[in-house]
Amino acid sequence: MTTASPAARAAELRDLLHHHAHRYYVLDDPEIPDAEYDKLFQELQALEAGHPDLLTPDSPTQRVIGKVLDGFVPVRHAVPMLSIRTETDTEASGAVAFDARVRRELGLADTEPPIEYAAELKFDGLAINLRYENGVLVQAATRGNGETGEDVTQNIRTIQQIPLRLRNHREAPQVLEVRGEVYIRRDDFDALNERQRELIAQGAKNEKTFVNPRNAAAGAVRQHDPAMAAKRPLKFFAYGVGEVRGWELPARHSDVVDALHAAGLPVDPQRAVVLGADGLVAFHRKVGEKRDALPFDIDGVVYKVNERALQQRLGYVSREPRWAVAHKYPAQEQMTTLLDIDVQVGRTGKLTPVAKLKPVFVGGTTVSNATLHNQDEIERKDVRLGDTVIVRRAGDVIPEVVGVVADRRPADAPRFDLHARLKGKCPVCGSEIVREEGEVDWRCSGGLFCAAQRKQAILHFAGRRAMDIEGLGDRLVDQLVDSGLIRTLPELYKLGVAKLSALERMADKSARNLVDGLEKSKQTTLTRFLFALGIRHVGESTARDLAKHFGALDRIMNASVEQLLEVSDVGPIVAQSIHTFFAQSHNREVVEQLRACGIAWEEHDGHGDLSPKPLAGKTFVLTGTLPTLTRDEAKDLIEAAGGKVAGSVSKKTHYVVAGAEAGSKLDKAQELGLPILDEAGLQSLLKEAR
Ligand code: IVH
């Protein structure tokens, strides 16, 4: 127990809480458990409640204060907030041109040494000026028109990453204005939109979903109720300074940023100091390669001449410094016109509305189709035919329509209704379409009678984690089904080189490859075969559980729903689905024919699972490239030991296995304080477990 005076104890608690908040929010490296922090926090709250005179504006208890605002008060910036010239040439030549211009303006001969640059990410959020006086945050303002912004102090105070006072606040400069970007991470953005959707579904009137993280961040910063702003997952990166009094700035920009970091502000760890055009080009390329794996959006990189003395020599043209440039990447979002909506039929008969777009260049390729997910999404985003829509394509993800530009809507743009458009019939086979209670998707009820479902079923059957048939891709499956050569899965194994070679554009060699691939696939495992059948709700891990539990296919085919329910992790829906599948004579026939073609696997007598399952109940997430194991191999090892491999990191994840170029999953794991293993760590865990 402490015997210190309340004032001394309050000061001590504030120091402790500032220290731990910095470790947690800025450095991502907490020293104490959350509960311990909460205890200190509550102690301070209690002290302040009993002694209101001890309250200080920089107390960690004072993040959310103040009341709902009607409008924002204008703030005249002591030093204008400039913008940067944008280099629109997204190729390496954009960087080369900037370096050449800087050298020319400085009058440097080719023989003189390369210029040093600070290279940074161009965060896609909104610019904020934080004013610290004697180390305490006194004001936060938006950029506005550069001369005058808006006072958003109340909302900015709710951002945990922004210190209410600087770390070395007792020796802090009289005035230090920190400039940087407020942004929202992509995963936080997804979760935010998910929550918004729930609110809307519950009937909330004034809620909406956001088109992108930048929009959501801007909305939150200009939110009139600070308590609401506090609920938005805002983050901050510092990248420069405004007015400074009482501090002799370091000579290089990169050292200024380092000093801000030391003062407790979050800065981007990917920033670098590079030399000359070559250094800029390499930075642009490196960041471009990992852009999609970054946890937040960027729209380019920023190059700044690092020596502040050189910056001064270069000066400004109109409102832009000559010493800095923003070098863009191809945009990941573009506007275009929605010409029509098509409907595609998937493997399980799922009907997906697909936007037919006026072709647009986005994320590095020309896009003319983008998914609209389902009818609910179309309604939620209020997408209408003829609308101007925003299309997003990031990395390898399927392009999607993320929203509409409502004020560009042509008069009487018609709504789209999937059921009405299809007149209730599957566009491929004409079977009735159905939508089960509580489901968002319409489905074709035609099953394998439907050519579209047949194609997808064949592709699934042939997939790498199923029968692994080499040489059987999309195009060929289209041809095989469209030409009528294949109607059922067993017919695949009856294809000979002669029949195949007769197909258009089919070379002898590819025909022979496929026949070899088919032959090789015949020796398989019960797990693969079960998974390959494409039974609804039977993914790979359920297939594995079934194979282990029953040991033989016949026992699975003849199992009652009750018996199926005995398998670990099989619930009523899955059990019913398996039972229904094998109750249909055409499915049993397909299985018999496949066996007759020579597909075989080892069976055992079904004592359930006899192998030890030391990792049972443990969930793993894999990210990045491991030095020797492929992702599939790592997955197999974990699953063989009874563990599960999930696609995304959450509080329920037990371990994250990270390799080279690990992305946002690793960040998330660090944020949640989860144990992180490398390949060697995984191997020793497996060994220990054995
Ligand atoms: S420096 C004089 N650095 O880009 C230079 N700006 O037009 C002033 N931005 O809205 C800005 N990342 O918020 C700088 N690393 C970075 C940046 C950055 C994003 C934004 C900034 C402003 C715009 C500049």
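Side chains included, hydrogens not; waters and symmetry mates left out as well; all remaining heavy atoms used. Just follow the structure's listing: the first ligand is 1, and inside any ligand the first atom is 1.
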Check: For F123 and ligand 1, does the shortest N/O to N/O distance drop below 3.5 Å?
Finding: yes
Notebook entry, point to check: Got an N/O contact under 3.5 Å between L126 and ligand 1?
Noted result: no
Note to self: Tell me whether E147 at atom CD has more than 12 heavy atoms from other residues, nucleotides or ligands lying less than 6.0 Å away.
What the structure shows: yes
Next item on the list: Looking only at distances, please establish whether an N/O atom of ligand 1 is found under 3.5 Å from an N/O atom of W323.
Entry: no
Checklist line | Sub-3.5 Å N/O-N/O distance, R143 and ligand 1 | finding: no
Check: Can you check whether Q196's main-chain N or O pairs, donor with acceptor, with T209's side chain at less than 3.5 Å?
Finding: no
Next item on the list: Could you tell me whether E112 atom CD has more than 12 heavy atoms of other residues or ligands within 6.0 Å of it?
Entry: yes
Item checked: Option whose closest heavy atom lies nearest to atom 3 (N) of ligand 1, chosen from K304, Q311, M81, K122 -> K304
Notebook entry, point to check: Does a donor on one side chain and an acceptor on the other come within less than 3.5 Å for H284 and E87?
Noted result: no
Item checked: Test side-chain contact (heavy atoms from CB on, under 4.5 Å) applied to H253 and Q311, R271, E307, E116, the passing residue -> Q311
Next item on the list: Quick one: look at T86 and ligand 1, take heavy-atom pairs under 4.0 Å, and tell me if it's side chain, backbone, both or neither.
Entry: neither
Check: Do D292 and Q332 have side-chain N/O donor and acceptor atoms under 3.5 Å apart?
Finding: yes
Check: Quick one: which of Y239, Y316, Y303 has a heavy atom closest to atom 17 (C) of ligand 1?
Finding: Y239
Next item on the list: Examine the proximity of ligand 1 to A324 and report which part, side chain or backbone, both or neither, has a heavy atom under 4.0 Å away.
Entry: neither
Margin query: Please work out, at 4.0 Å between heavy atoms, whether the side chain, the backbone, both, or neither of V302 comes within that distance of ligand 1.
Written below: side chain
Check: Can you find a side-chain donor-acceptor pair between Y239 and D268 that sits under 3.5 Å?
Finding: no
